[in-house]
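Here is the naming used below: chain letters follow the sequence lines, and residue numbers restart at 1 for every chain. Note that this is a predicted model, so its numbers are computed, not measured.
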Protein chains: 2
Amino acid sequence: MSDPQEGPWSRLDREVLVENPWHRYCRDRYRLPDGGDGTYFYVDMAGSCGVVPLFADGTVALLRVHRYLLGETLWEWPIGGMAPGEEPVEVARKELREEAGLTAATWDHLGTFAPYKGVSNERCHFFLARDLTEVGQELEDSEQISVHRMPLEEAIARLEEASLGDGQSLVGTLYLKRWLQAQEA
Amino acid sequence: MSDPQEGPWSRLDREVLVENPWHRYCRDRYRLPDGGDGTYFYVDMAGSCGVVPLFADGTVALLRVHRYLLGETLWEWPIGGMAPGEEPVEVARKELREEAGLTAATWDHLGTFAPYKGVSNERCHFFLARDLTEVGQELEDSEQISVHRMPLEEAIARLEEASLGDGQSLVGTLYLKRWLQAQEA
């Protein structure tokens with residue numbers, strides 16, 4: 001994780017309250033510049049990587065993913081978590097193959113953001129993947145993901161017009177639009 | 001929270017591991033449709049509300065907020081958490097007054113999304129606030145927030161071109177653009 005001590009708040013100590021295969025749940029005690037102390041509960045995550053898979057014919061591969069916590073099925077770009085020390089583009093490559101069943105020869109970084117800055121130190125790196133080849137999904141037992149190929153404009157409409165959007169995929173979409181506009185300029 | 005039992009995964013039991021003034025950290029045991037069991041660690045949050053404050057002259061109020069977990073200061077729209085039973089627009093009204101020092105006479109719902117669908121059940125509701133009046137900030141001791149008034153286009157550039165973007169504010173920006181385009185159509 002980044003070191004919070006660089007900011008105007010200084011960390012006094014940190015305790016890992018729960019460690020599991022996906023993240024660590026921690027409690028920090030911190031000191032404010034005015035001398036006051038406080039307590040911060042948060043999720044410690046190495047990061048995540050998202051991918052927009054864009055085919056040469058202008059179509060994309062968009063996913064339908066059941067989300068247990070929300071009790072809903074969302075439209076999403078392929079996204080997966082990083083382990084400490086992993087390179088973002090390598091994680092993006094793995095997620096694209098496992099979740100969407102695709103490999104890509106051309107990769108561009110679209111942008112990096114904090115999806116949940118108040119409760120998690122995760123940074124999410126988004127990529128555009130092109131020159132795609134279909135190789136077949138490799139899902140884990142607990143993953144329920146279907147792949148849907150459609151024109152980019154249709155995918156954007158499905159992501160933006162959902163009654164409940166997927167925040168990380170929407171940011172990826174925003175970065176993609178900016179990237180495409182920069183190409184046209 | 002929404003009931004995960006409506007989805008294809010059924011909850012077997014839930015344990016609240018940590019409860020604090022901001023959220024609950026929980027562990028569910030669940031059963032998959034194929035009969036397999038699993039464990040899910042997550043943050044239980046009532047929700048959050050974000051606001052784009054747009055003045056009649058085309059300027060907006062954008063915030064600089066120090067984020068302890070990331071060790072960085074981010075450009076953000078005003079956003080705050082909901083307590084159970086609160087109405088989204090009332091929370092948006094409170095955050096706009098406290099963080100940006102503004103009240104608004106006109107409110108429009110821009111969209112709702114899940115900012116961190118894999119680890120939190122939070123739903124974030126974004127609003128456009130217009131017909132604004134300046135009344136002064138009311139910050140909590142631990143909040144370090146400055147308000148910056150600038151043209152909307154400059155705010156969008158600052159949000160989108162940051163080396164580390166704020167995911168929730170970027171989704172609010174995407175929804176705002178869609179709303180503005182719909183007004184022009």
Does a side-chain heavy-atom distance below 4.5 Å link B:Phe127 with B:Arg93? no
Assess, by modelled atom type and distance only, whether the side chains of A:Tyr42 and A:Asp28 contain a donor and an acceptor separated by less than 3.5 Å. yes
Is any side-chain heavy atom of B:Leu159 closer than 4.5 Å to one of B:Trp77? yes
Below 4.5 Å from any heavy atom of chain B, which atoms of A:Tyr40 appear? Answer side chain, backbone, both or neither. side chain
Using the ring of each side chain (for Trp, its six-membered ring), is A:Tyr30 parallel, tilted or perpendicular to A:Trp9, with breaks at 30° and 60°? tilted
Taking the six-membered ring of A:Trp107 (Phe, Tyr or Trp), confirm whether the NZ or CZ of A:Arg130 is under 6.0 Å from its centre and within 45° of its axis. no
What's the spacing between A:Ser48 OG and A:Met82 CE if we round to 0.5 Å? 8.0 Å
Transitive ILVMFWY side-chain link A:Val89 to A:Val135, under 4.5 Å: no
Roughly how far, to the nearest 0.5 Å, is CD of A:Glu122 from CD of A:Gln168? 6.0 Å
Cut-off 4.5 Å, heavy atoms of chain A, and the answer for B:Thr39 is backbone
Does any pair with a residue in residues 150-164 of chain B pass side-chain hydrogen bond (donor to acceptor under 3.5 Å, both in side chains), and if so which ones, sequence neighbours excluded? B:Glu154-B:Arg158, B:Glu160-B:Lys177
By number, which residues in residues 52-59 of chain A have some heavy atom less than 4.5 Å away from chain B? none
So, does A:Gln137 use its side chain to make a donor-acceptor pair with the main chain of A:Ile145 at under 3.5 Å? yes
Ranked by heavy-atom pairs below 4.5 Å to chain A, first place among B:Ile79, B:Val65, B:Asp166 goes to B:Asp166
Selection from A:Trp22, A:Phe113, A:Tyr116, A:Phe41 maximising heavy-atom pairs under 4.5 Å formed with chain B: A:Tyr116
At a heavy-atom separation under 4.5 Å, does A:Val43 approach chain B through its side chain, its backbone, both, or neither? side chain
Side chain, backbone, both or neither: which part of B:Leu17 has an atom under 4.5 Å from a heavy atom of chain A? side chain
Which of the residues A:Lys117, A:Glu76, A:His23 is involved in the greatest number of heavy-atom pairs with chain B at under 4.5 angstrom? A:Lys117
Among A:Ser120, A:Ser169, A:Gly36, A:Ala162, who wins on heavy-atom pairs under 4.5 Å with chain B? A:Ser120
Answer with side chain, backbone, both or neither: which region of A:Leu164 has an atom nearer than 4.5 Å to a non-hydrogen atom of chain B? both
Are A:Tyr25 and B:Tyr25 close enough that their ring centers fall under 6.0 Å? yes
So which of A:Gly118, A:Cys124, A:Pro115 has the largest heavy-atom pair count under 4.5 angstrom toward chain B? A:Pro115
